[in-house]
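Quick note: residue numbers are just sequence positions, from 1.
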Amino acid sequence: MAHTEAHAKTGASKRRLLGIASSTVAAAVAAFVAWRRSIAGRRALADLSPHELRDIGCPEPPAPKFVVGVGLMTDLMSMR
């Protein structure tokens with residue numbers, strides 16, 4: 001009768017762990033690159049004039065608004 005031995009293969013689990021780790025790192029790098037691109041795009045749009053924004057089809061950035069309630073306006077007019 002021939003002598004046989006059983007060996008457990010442990011290399012497959014190491015490959016699987018390396019695959020999971022590399023895909024996680026790749027996803028993190030992709031998220032970081034996307035974040036940096038969005039920041040660069042916002043900075044580039046912030047440097048453009050309203051005329052240049054209209055030329056490329058972007059709406060003008062909203063102007064700051066000063067909201068005064070009706071009651072406050074009435075009070076201010078009565079103090080005048």
Using links of under 4.5 Å between side-chain heavy atoms of ILVMFWY residues, direct or through other members, which residues join Phe32 in one cluster? Trp35, Ile39
Which value, rounded to the nearest 0.5 Å, describes the distance between Asp55 atom CG and Leu48 atom CG? 9.5 Å
Those residues at least two apart in sequence (or on a different chain) that pass side chain to side chain contact (heavy atoms under 4.5 Å, CB included) with Leu72 are Val68, Leu76
Nonpolar side-chain network containing Val29, other nodes, edges under 4.5 Å: Val25, Val33
Would a single hydrophobic cluster contain both Met77 and Val67, if residues Ile, Leu, Val, Met, Phe, Trp and Tyr are joined by side-chain heavy-atom contacts under 4.5 Å? no
Can you sort out the partners of Ser49 under side chain to side chain contact (heavy atoms under 4.5 Å, CB included), two or more places apart, ordered by chain and number? His51, Glu52
What residues form a side chain to side chain contact (heavy atoms under 4.5 Å, CB included) with Met79, not counting sequence neighbours? none
